[in-house]
Each structure stands twice: as structure tokens, then as C-alpha cells.
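Notes to accompany the following structure.
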Amino acid sequence: MGEYSLGDALKQFLRQSRLKGSILAMQIENVWEQIMGKTIARYTDKIEIHGHTLYISTNVAPLKQELLYKKDKIIELVNEALGEKLIREVVIK
């Protein structure tokens, strides 16, 4: 067994853990306003990641429609914020 830095060990653990989606969702929530703007962030209820899919929940019908049109841009912005190409699909609920 080789030696790892604490950061490398944590990354390895997260890659293999079921916690990864929850931790990444928290990272996205922290920068969601910067990525999407104040108005969208204010009316977004919940952000979740399952596998390679980002789930965005909102009760505002016009916002749902706008987010549907921006799916590709959301994927691009979120992957850029995470520093890896993790998100492949966006589902608006």
C-alpha cells in the first residue's frame, strides 16, 4: 500500500462512497447563485445529484420552462464549477 496525502485519501474515499452525490450537491448549492443568478437561485427549492444526473426542484412554472431551455448551459456551468465533467443530464422537477 502506497502513501497518500489526506486530500488524495479523501478524494479516493468520495469516489467510492455513496456520499459523493450529496457532497457535490452541497458544493453546487454554495455556488448556485453565482452560476445561475439571484432570481433563479431564490426560486430553486432543492438540488440533488444521483449518478450523473442533476435534479433541480422548483414550484415556479415559468422558471421550470426557462431551466428546460437552459439544460445544456446548466450542465456546462455546473461541470465547470465542479472542476470535472460529472453531470451529463439535468432533470427539472
Side-chain angles (χ1 to χ4, degrees):
M1 181 188 261
E3 291 184 26
Y4 295 100
S5 69
L6 182 56
D8 290 340
L10 284 172
K11 286 178 187 177
Q12 179 81 13
F13 170 76
L14 288 176
R15 267 188 238 120
Q16 298 171 352
S17 171
R18 291 187 294 170
L19 297 173
K20 183 176 183 176
S22 299
I23 291 171
L24 290 174
M26 288 186 338
Q27 286 179 322
I28 293 170
E29 286 178 359
N30 288 338
V31 295
W32 187 245
E33 186 176 315
Q34 295 168 356
I35 293 172
M36 298 304 296
K38 288 183 181 183
T39 305
I40 291 175
R42 185 179 316 138
Y43 294 107
T44 303
D45 299 325
K46 191 174 184 181
I47 299 171
E48 299 176 72
I49 296 176
H50 298 285
H52 296 283
T53 305
L54 175 68
Y55 293 88
I56 303 170
S57 299
T58 182
N59 292 321
V60 181
L63 178 58
K64 283 183 185 180
Q65 199 65 32
E66 183 178 344
L67 292 173
L68 285 171
Y69 289 124
K70 292 184 173 185
K71 279 185 173 184
D72 292 335
K73 188 67 173 173
I74 292 170
I75 291 170
E76 179 184 323
L77 292 170
V78 168
N79 283 336
E80 187 178 303
L82 293 175
E84 60 181 299
K85 293 193 182 265
L86 178 74
I87 303 301
R88 296 183 190 145
E89 185 178 350
V90 174
V91 175
I92 312 299
K93 302 194 272 183

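For the pair Ile40 and Leu63, the tightest heavy-atom approach, listed with the atom from each and the gap, is CG1-CD1, 3.6 Å. When all heavy atoms of Lys64 and Lys93 are compared, the pair lying nearest together is CE-O, 3.4 Å. Taking both residues in full, the closest heavy atoms of Ile56 and Trp32 are given as CD1-CH2, 3.6 Å, listed atom of the first, atom of the second, then distance.
Annotation: salt bridge (charged side-chain N to carboxylate O under 4.0 Å, His left out) contacts of Lys85 (sequence neighbours excluded): none. In this structure, the side chain to side chain contact (heavy atoms under 4.5 Å, CB included) partners of Glu33, at least two apart in sequence or on a different chain, are Lys38, Ala41. Qualifying ring-ring contact (aromatic ring centres under 6.0 Å, His included) partners for Tyr55, counting only residues two or more places apart in sequence or in other chains: His50. Take Glu66 and apply the salt bridge (charged side-chain N to carboxylate O under 4.0 Å, His left out) test, not counting sequence neighbours, and it matches Lys70. With sequence neighbours left out, the side chain to side chain contact (heavy atoms under 4.5 Å, CB included) criterion links Glu89 to Thr53, Val91.
The distance from atom CG of Leu54 to atom CD1 of Ile47, rounded to the nearest 0.5 Å, is 6.5 Å. Interatomic distance, Met36 CE to Leu67 CG, rounded to the nearest 0.5 Å: 5.5 Å.
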Compile the donor-acceptor pairs under 3.5 Å between side chains in residues 71-79 and protein atoms, sequence neighbours left out, one pair per line.
unit_1, atom_1, unit_2, atom_2, d
Lys71, NZ, Val90, O, 3.2
Asn79, OD1, Leu86, N, 3.1
Asn79, OD1, Ile87, N, 2.8
Asn79, ND2, Ile75, O, 3.3
Asn79, ND2, Ile87, O, 2.9

